[in-house]
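Heavy atoms only: backbone and side chains are in, while hydrogens, waters and symmetry mates are out.
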Amino acid sequence: MKKSQVLAVAGATLLASGVLAACSNTSSNNAKLAKDYQYVYQTDPETLDYIVSNIDSTSFVTTNAVDGLLANDKYGNLVPSIAESWTVSKDGLTYTYKLREDAKWYDSEGEEYADVTAHDFVAGIKYAADHKSEMLYIIQNSIKGLNDYVEGKTSDFSNVGIKAVDDHTLQITLNQAEPFWNSKLTLGITFPINEKFVESKGDKFAQASDTSSLLYNGPYILKSFTSKSSIEMSKNENYWDKDNVHIT
């Protein structure tokens with residue numbers, strides 16, 4: 001077994017998964033957990049590319065750093081995240097999501113970079129298709145026209161059934177009704193990216209060794225990563241839901 005590795009300050013997603021169950025329930029431990037949280041991990045993330053990678057060591061970090069349209073509460077129920085509300089057409093094929101207007105992208109220093117918009121979710125799906133995401137199979141036959149784009153039958157992504165109606169309205173059209181569709185929106189492949197930022201980074205986007213290679217719209221910002229030693233995250237003080245993030 002490799003040398004023990006510690007993740008300092010894990011986020012709400014980790015708490016919801018129940019990893020704290022193994023911790024002692026003493027008052028001193030509870031007082032410490034109110035401030036920070038440590039967890040021993042076994043494998044370094046090879047990448048922070050949450051859209052392409054399906055590896056646990058990646059999602060372990062990025063689920064605390066990036067929000068998607070929906071999230072799971074501690075009971076596993078779907079709850080709003082970047083999407084404040086949504087409607088479904090009568091035939092079950094078209095989902096329309098209204099995005100919150102206070103969600104922002106931040107850089108690794110916590111400085112505001114841009115608004116999170118519907119265009120970022122469109123860009124995320126296009127990025128997944130263009131970079132052959134390991135999770136493509138989850139949505140490839142679900143979203144209208146996506147399979148044709150992935151297989152090269154069309155090179156025009158505008159034919160794919162995901163549209164930014166405006167900055168804060170996203171519309172997704174499916175091939176067939178999927179009552180479980182919304183559950184896929186908690187997976188990294190459906191998360192947003194800021195296209196301008198990705199283009200500026202080129203092949204250095206989402207490198208695990210560089211905290212500045214990623215933008216953050218979630219509860220935590222990756223502050224440092226030392227291979228085979230430690231990963232440290234700190235609370236995003238400007239996060240839209242910061243009042244409900246209790247571990248700093």
When you look at Tyr220 and Thr63, which way does the side chain to side chain contact (heavy atoms under 4.5 Å, CB included) test go after all the steps?
CA-CA 9 Å; Tyr220 293 91; Thr63 51; over 6 Å; no

Are a donor atom and an acceptor atom from the side chains of [X] and [Y] found within less than 3.5 Å of each other?
X      : Y      : answer
Gln171 : Thr94  : no
Asn72  : Tyr75  : no
Lys223 : Thr211 : no
Trp240 : Asn217 : no
Asn238 : Tyr216 : no

To the nearest 0.5 Å, what is the distance between [atom1] ([X]) and [atom2] ([Y])?
X      : Y      : atom1 : atom2 : result
Ile55  : Asp44  : CD1   : CG    : 11.5 Å
Ile172 : Leu174 : CD1   : CG    : 7.5 Å
His168 : Asp102 : NE2   : CG    : 8.5 Å
Ile162 : Phe157 : CD1   : CZ    : 6.0 Å
Asn64  : Ile221 : CG    : CD1   : 12.5 Å
Asn194 : Thr117 : CG    : OG1   : 7.5 Å

Residue [X] excluded, over 12 heavy atoms near [atom1] under 6.0 Å:
X      : atom1 : value
Lys144 : NZ    : no
Asn175 : CG    : yes
Gln176 : CD    : yes
Gln207 : CD    : yes

Would the distance check show the side chain of [X] and the main-chain N or O of [Y] forming a donor-acceptor pair, the cut-off being under 3.5 Å?
X      : Y      : value
Arg100 : Ser81  : yes
Ser133 : Ile51  : yes
Asp49  : Ala206 : no
Ser53  : Tyr50  : no
Lys242 : Asn236 : no
Thr169 : Asp166 : no
Asp67  : Gly218 : no
Tyr127 : Val122 : no

Taking Tyr149 as the fixed residue, which of Asp156, Thr154, Asp130, Asn159 is the one that meets the side chain to side chain donor-acceptor pair (under 3.5 Å) rule?
Asp130

hydrophobic_cluster_shared for Tyr95 and Leu93, side chain cutoff 4.5 Å:
no

In terms of hydrophobic clusters joined by side-chain contacts under 4.5 Å, are Ile143 and Tyr137 together?
yes

Is there side-chain contact between [X] and [Y], with heavy atoms separated by less than 4.5 Å?
X      : Y      : result
Thr190 : Ile139 : yes
Asp115 : Trp105 : no
Tyr97  : Ser85  : no
Ser108 : Leu215 : no
Leu99  : Leu69  : yes

Where is the tightest heavy-atom contact between [X] and [Y], given as atom of each residue plus distance?
X      : Y      : result
Ser183 : Leu187 : O-CG, 4.5 Å
Phe121 : Pro192 : CE2-CD, 3.5 Å
Ala118 : Leu170 : O-CD1, 3.7 Å
Lys204 : Ser213 : O-CB, 3.2 Å
Lys163 : Val160 : NZ-O, 3.2 Å
Ile82  : Ala103 : CD1-CB, 3.6 Å

Sidechain N-carboxylate O distance under 4.0 Å for Lys184, Glu178:
yes

Can Glu84 and Lys98 be counted as an ion pair, charged N to O under 4.0 angstrom?
no

Please assess Leu78 against Thr186 for the test side chain to side chain contact (heavy atoms under 4.5 Å, CB included), listing each intermediate value before the final yes or no.
CA-CA 9 Å; Leu78 288 170; Thr186 64; 3.7 Å; yes

In terms of relative ring orientation, are Tyr39 and Phe60 parallel, tilted or perpendicular, with 30° and 60° separating the classes?
tilted

Verdict with supporting geometry, Phe205 and Leu48, side chain to side chain contact (heavy atoms under 4.5 Å, CB included):
CA-CA 8 Å; Phe205 171 66; Leu48 298 178; over 6 Å; no

Going by side chain to side chain contact (heavy atoms under 4.5 Å, CB included), Asn141 matches just one of Leu136, Asn147, Val150, Leu146. Which one?
Asn147

Run Tyr113 and Tyr106 through ring pair (Phe, Tyr, Trp, His ring centres under 6.0 Å) and show every step you take.
CA-CA 5 Å; Tyr113 183 88; Tyr106 299 93; over 10 Å; no

When you look at Trp86 and Thr96, which way does the side chain to side chain contact (heavy atoms under 4.5 Å, CB included) test go after all the steps?
CA-CA 5 Å; Trp86 60 91; Thr96 303; over 6 Å; no

